[in-house]
A.B. asks: 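Sending over a structure as structure tokens; questions will come in a sec.
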Amino acid sequence: MDMHRLEALNDYSWRIPRQGAMRVPAVIFASGALIEAMDDKVCEQASRVAALPGIVEAVYVMPDAHWGYGFPIGGVAAFDAEAGGVVSAGGVGFDISCGVRMLHTGLVADDILGVQPALADALFRDIPAGVGSHGVLRLGAKAMEAMLRGGARWAVEQGFGTPEDLPFIEEHGCLDGADPAAVSVQAKRRQRDEMGTLGSGNHYLEVQRVVQIFDNDLAQAFGVHLGDIKLSIHCGSRGLGHQIGTEFLRRMAVAAADFGIHLADRELACAPIAADLGQEYLGAMRAAGNCALANRQIITSLARETFARVLPKARLSLLFDVSHNTCKRETHSVDGRPRQLYVHRKGATRAFGPGHPSLPPVYRAAGQPVMIGGTMGTASYLLAGTVMGMARAFGSACHGAGRAMSRRQAARLWSGERLRDELAARGVLIRSPSWRGVAEEAPAAYKDVDAVAEAAERAGLAQRVARLQPMVCIKG
DNA sequence: ATGTCC
């Protein structure tokens, strides 16, 4: 990173002052080491997002950020519809409502050690993973519409999981305002056979062990103890979300001139929230969100069946499920007054602080659980949203370790099979349909997740609760 | 991320 453009606000916050076409400044949250290593393109992309119509307060960039399509991954940008604010397909990302769900298992590490290979093999057999993988059900037109409206609530009605799961999912598992009619026939067709599948890339299902507790009270509130086994699922809306992203990106790019929006970069394609196209995208995006929530709910149900066979005493219950590729309508305090905003979080997790009415009552005093998905060889983190974070970045935190090099470069440097063997020797069992995919996901192709989680805490975005180490990883 | 290029 060229540090000349940045003003240090403190050790963990760096401002790009408003200049040129920027309507607001941008603020990057990172340690000195993380920001020095960060790509200059993050800075350029954040500055261009800051020039979009109706943007409020500032563009915020998380410590795990890297450059993405239009908006940086790890970017947060909020818009006011009444001030000409826009919604951007590239500001949400292609994998709409990609997110992480963490479950308790009721097990401790000793329960797993004897059956670890059998558990890995069984999960790999039972959870469809990889590009183009198909699931256990095929949705007809009516079922598709019900799924896109109902999300995880629909999945529960179909027998995947129980109603007790729903309070621990963002929006109780069902996003309001989903519009299946705004989802193209093509997008629905792509999704017909893909419910209950992990997908590829950085998606995974992991059995993880809690190896460190940072805050006893918060850990207690979340039901997390040293030595616990947790299950984490990271995936999104598969072919449907991707198709919606592709189609609306094109439509928004074509329509921008009609809206009088100058695009410094075609990838910033957007539409006014108040315009029909903006509303149509939001309806389709929320439908894709429900698809992702239903997908994670079905995968949870598959995992429960697997655990019931391999480890019958396991009891899988939800800790929390939250997306990190979204645009949500939320109320935030701006200059001391509440405003309704459309908050884009692309590779950034919602991290609401204590007392927020949307949180399940058992977590309301602690704040929202925030999951940072690490790499298959390092750690993942559980954090809690803070009051300070609500004021710093519209209640947002980072979502992962963040890539440090391209997939192509990683695939050149590592062999998937060798990584599998090295990790197995360290007690981490990888199963995947694609060893090239595993090489692309090499732990060393990512930033240091410990540094990212620490930076998130020091920047005041969220508070660390627990560190988890993978034991079994099903990689897409 | 993605039927990894309609």
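Values reported hereafter were calculated over all heavy atoms of this structure, with side chains retained and with hydrogens, waters and symmetry mates removed. By convention in this document, chain letters (A, B, ...) are assigned in the order of the sequence lines, proteins followed by strands, and residues within each chain are numbered from 1.
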A.B. asks: Mind checking side chain to side chain donor-acceptor pair (under 3.5 Å) for A:Tyr381 and listing every partner two or more places apart, or none if nothing turns up?
C.D. replies: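 Expected list: A:Asp450, A:Arg467.
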A.B. asks: Rounded to the Å, how far apart are A:His203 NE2 and B:dT4 P?
C.D. replies: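 After rounding, the gap between these two atoms is 16 Å.
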A.B. asks: What residues form a salt bridge (charged side-chain N to carboxylate O under 4.0 Å, His left out) with A:Arg392, not counting sequence neighbours?
C.D. replies: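 Per chain and number, A:Arg392 pairs via salt bridge (charged side-chain N to carboxylate O under 4.0 Å, His left out) with no residue.
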A.B. asks: Does A:Arg189 reach a base, just sugar-phosphate, or nothing at all? Heavy atoms under 4.0 Å.
C.D. replies: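 A:Arg189: base contact, heavy atoms under 4.0 Å.
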A.B. asks: Expressed in angstrom and rounded to an integer, what is the separation of A:Arg408 atom CZ from B:dT2 atom P?
C.D. replies: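 Distance check: A:Arg408 CZ to B:dT2 P gives 19 Å.
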A.B. asks: Are A:Arg407 and A:Glu441 close enough for a salt bridge, meaning some N to O gap below 4.0 Å?
C.D. replies: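 Salt bridge: yes.
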A.B. asks: Considering heavy-atom distances to DNA chain B, does A:Glu440 or A:Arg403 have its closest nucleotide positioned more toward the 5' end?
C.D. replies: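 Here A:Arg403 is the residue nearer the 5' end.
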A.B. asks: Taking the cut-offs as 6.0 angstrom to the six-membered ring centre and 45 degrees off its axis, would you call A:Arg304 and A:Phe307 a cation-pi pair?
C.D. replies: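 No, a cation-pi geometry is absent between A:Arg304 and A:Phe307.
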A.B. asks: B:dT4 C1' sits how many Å from A:Asp95 CG, rounded?
C.D. replies: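 Answer to the nearest Å: 14 Å.
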A.B. asks: May I ask you to say whether A:Glu206 pairs ionically with A:Lys230, meaning some side-chain N is under 4.0 Å from a carboxylate O?
C.D. replies: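 No, no charged N to carboxylate O under 4.0 Å.
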A.B. asks: If you take any heavy atom closer than 4.0 Å to DNA chain B, which residues from residues 235-250 of chain A end up in contact?
C.D. replies: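 Contacts with DNA chain B under 4.0 Å: A:Arg238, A:Gly239, A:His242.
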A.B. asks: Ring centroid separation for A:Phe222 and A:Phe320, is it under 6.0 angstrom?
C.D. replies: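 Ring-ring flag for A:Phe222/A:Phe320: false, centres at least 6.0 Å apart.
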A.B. asks: Counting the atoms with a prime plus P, OP1 and OP2 as sugar-phosphate, which does A:Gln186 contact under 4.0 Å by heavy atoms, base, sugar-phosphate, or nothing?
C.D. replies: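 Base: the residue A:Gln186, judged by heavy atoms under 4.0 Å, touches a nucleobase.
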A.B. asks: Nearest whole Å is fine: how far is B:dT4 P from A:Phe94 CZ?
C.D. replies: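 Distance check: A:Phe94 CZ to B:dT4 P gives 14 Å.
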